[in-house]
Amino acid sequence: MAIQAKPPVLFSHQFQCSICSPTSSLPLLNGGSFMFRAQRFRRKPLSLRLGAGSRSNANEPQDDYLIDAPVSAGDGFSFSGGKYSDEPSPSDEWFKQGKFVKAYPVGGTGEKAKDPIFGLTMGAGSQASGDVFRWFSVESGNADNPTVILIHGFPSQAYSYRKVLPALSKNYHAIAFDWLGFGFSDKPQPRYGFDYTLGEYVSALESFVNEVTASKVSLVVQGYFSPVVVKYASKHQEKLNDLILLNPPLTAKHTNLPSTLSIFSNFLLGEIFSQDPLRASDKALTSCGPYAMKEDDAMVYRRPYLTSGSSGFALNAISRAMKKELKAYVEDTKAILTDENWKVRTTVCWGQRDRWLNFDEVEDFCKKSNHKLIELPMAGHHVQEDSGEELGGIISGLISRRIVT
């Protein structure tokens, strides 16, 4: 079931910071300070100021980064509401291209989500939407053409495939979606309808695929969500034409998250850092390869973390699940892809400048399992960001060999 996406209700931020203007790359807290004003309560706004330590001087003017939300908004102790300005933004433009698809039933008792510290009822962004989750997706091409589903990695968004979609739209029906917990899709508070375990993601993917198409599909998946997709594919080989893996974790050296991501799973520190849009989006996307993020793109990736604390809570939960379950899922991936009963045509595309996943043993794995390996020397971990147009051509060539609908 697809429903037309409506722009979320957002509240404007006030930025008063000489070192982090809305049009810069926002290097926060470098000699300045941070003020958080949630105004969660009617009588007195809740304020938190983090100083810059010994470098700050009481006699010097303090630069503040202000986030204000009205009384009716708030996700417990996190903020809610805000964007760079009232002018149209790249995030708005991307949102207009998509729609919501309803798939995968909401679990739990239906109780309203509360924050884990104060027990306050959380804002709408942290609540499950009705009985079925909403997935934000962007489609291109004729729906009568063979379907290709583009699946982003962790942490990222469907937006990462914006350069790939046009290359596929001529001959295919291409769909890029945000996983639950990411982008514009639903982000329920953990333990209130969705717990963000890898097993839940496997089941949720099955529901989404069945909702968007009844025909056979080709799946393209990047990074740490690859084992989830392989697990789904192993149960539904009859549904797939092709499986294309972009820098997937495949070896024993790939079973641990890099420190840039594992920090989000840490006790207390993880909760704090997962609410920081610069760590959660900018650093996570640029520290793993040559990708240099433009400000317009950064505004799209940061948007979920600026508009609700629910994005940070989801990031913290999935990081913990990945840290706990990734090793077993990588081992299962290796077993599935090398099993003699595996019949799905599989290709591994590898960005050679990946700083998170080592290329050692990947070539040997592909040779032993008889899977095609395509190396992209100029790409890093997020292949679709570094070489989007080239990747679109590669995907189109791979799945055009033999399409069964």
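Side chains included, hydrogens not; waters and symmetry mates left out as well; all remaining heavy atoms used. By convention here, the first residue in the shown sequence is residue 1.
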Subject >> Residues Lys187, Ser311; criterion side chain to side chain contact (heavy atoms under 4.5 Å, CB included); working and verdict >> reply: CA-CA 6 Å; Lys187 308 171 191 67; Ser311 298; 3.2 Å; yes
**OP:** Start with the C-alpha gap between Gln222 and His152, add the side-chain angles, then the distance that decides, and say whether side-chain hydrogen bond (donor to acceptor under 3.5 Å, both in side chains) holds.
**Re:** CA-CA 6 Å; Gln222 184 267 327; His152 70 78; over 6 Å; no
**OP:** List the steps, then state whether salt bridge (Lys or Arg N to Asp or Glu O under 4.0 Å) holds for Lys368 with Glu363.
**Re:** CA-CA 9 Å; Lys368 292 178 181 178; Glu363 187 172 11; over 6 Å; no
**OP:** Using the side-chain hydrogen bond (donor to acceptor under 3.5 Å, both in side chains) rule, take Ser89 and Asp92 through it: C-alpha gap first, then chi angles, then the decisive distance, then the call.
**Re:** CA-CA 5 Å; Ser89 73; Asp92 296 326; 3.2 Å; yes
Original post:
Can Val362 and Trp350 be said to form a side chain to side chain contact (heavy atoms under 4.5 Å, CB included), step by step?
Top reply: CA-CA 9 Å; Val362 172; Trp350 197 272; 3.9 Å; yes
**OP:** Apply side chain to side chain contact (heavy atoms under 4.5 Å, CB included) to Gln237 and Trp342, showing your working.
**Re:** CA-CA 8 Å; Gln237 293 193 53; Trp342 178 253; 3.7 Å; yes
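Between Leu250 and Leu337, the closest side-chain pair of non-hydrogen atoms falls below 4.5 Å. At a threshold of 4.5 Å between non-hydrogen side-chain atoms, the residues Val209 and Ile149 count as touching. Between Leu205 and Val229 the shortest side-chain heavy-atom distance falls below 4.5 Å. Looking at heavy atoms from C-beta onward, Ser218 lies out of side-chain contact with Leu240 at the 4.5 angstrom threshold. A heavy-atom distance below 4.5 Å is found between the side chains of Tyr196 and Pro188. Using a 4.5 Å cut-off on side-chain heavy atoms (C-beta onward), Tyr224 and Trp356 make contact. Counting only heavy atoms from C-beta outward, the side chains of Trp135 and Asp178 never approach each other to under 4.5 Å. Within the 4.5 Å cutoff, no side-chain heavy atoms of Tyr305 are placed close to those of Asp276.
In this structure, Ala284 and His382 approach most closely via the heavy-atom pair O-NE2, 4.0 Å. When all heavy atoms of Gly199 and Glu325 are compared, the closest pair comes out as N-OE1, 4.1 Å. Shortest non-hydrogen contact noted between Gln157 and Val300 is NE2-O, 3.5 Å. Nearest heavy-atom pair, Leu306 versus Pro277, reported as atom, atom and distance to 0.1 Å: CD2-CG, 3.9 Å. Nearest heavy atom pair, residue Ser259 against residue Ser262, reads CA-OG, 3.3 Å. Taking every heavy atom of both residues into account, Val106 and Val132 meet most closely at CG2-N, 3.8 Å.
A cation-pi arrangement is present between Lys231 and Tyr329, with the terminal nitrogen or guanidinium carbon under 6.0 Å from the aromatic centre and inside a 45° cone about the axis.
The aromatic rings of His371 and Phe365 sit tilted, their planes meeting at an angle between 30° and 60°. Using cut-offs of 30° and 60° on the angle between ring planes, the pair Phe95 and Phe136 is parallel.
Comment: Lys235 does not engage Glu206 in a salt bridge, judged by the lack of any side-chain N to carboxylate O separation of less than 4.0 angstrom. Ion pairing between Lys334 and Glu331 fails under the 4.0 Å rule for side-chain N and carboxylate O. Between Arg162 and Glu385 a salt bridge is recorded (basic side-chain N to carboxylate O distance below 4.0 Å). The pair Glu271-Arg320 counts as a salt bridge, with a side-chain nitrogen and a carboxylate oxygen less than 4.0 angstrom apart. No salt bridge links Asp332 with Lys327; every basic N to acidic carboxylate O contact stays at or beyond 4.0 Å.
Checking side-chain atoms of Gln275 against main-chain N and O of Gly309 turns up a donor-acceptor pair under 3.5 Å. Judged by distance alone, the side chain of Asn266 and the main-chain N or O of Leu269 form no donor-acceptor pair under 3.5 Å. No donor-acceptor pair under 3.5 Å is formed between the side chain of Ser185 and the backbone N or O of Gly181. With hydrogens and angles ignored, the 3.5 Å screen pairs no side-chain donor or acceptor of Ser207 with any backbone N or O of Ala204. Side-chain atoms of Lys114 do not come within 3.5 Å of backbone N or O of Glu111 as any donor-acceptor pair. Side chain of Thr260 to backbone of Pro258: no donor-acceptor contact under 3.5 angstrom is found.
Other residues, nucleotides and ligands contribute over 12 non-hydrogen atoms within 6.0 Å of the CG atom of Asn341. Other residues, nucleotides and ligands place more than 12 heavy atoms under 6.0 Å from the NZ atom of Lys239. Around the CG atom of Asn370, the shell of radius 6.0 Å holds no more than 12 heavy atoms that belong to other residues, nucleotides or ligands. Annotation: Glu389, atom CD; neighbour count of heavy atoms from other residues, nucleotides and ligands within 6.0 Å does not exceed 12.
Paired with Val228 under the rule side-chain contact (heavy atoms from CB on, under 4.5 Å), one option of Thr333, Val221, Val202 passes, and it is Val202. Just one of Leu391, Thr347, Leu150 meets the side-chain contact (heavy atoms from CB on, under 4.5 Å) condition when paired with Leu246; it is Leu391.
Aromatic ring centres of Tyr104 and Phe208: separated by at least 6.0 Å. Ring centers of Phe194 and Tyr201: under 6.0 Å apart, within the cut-off.
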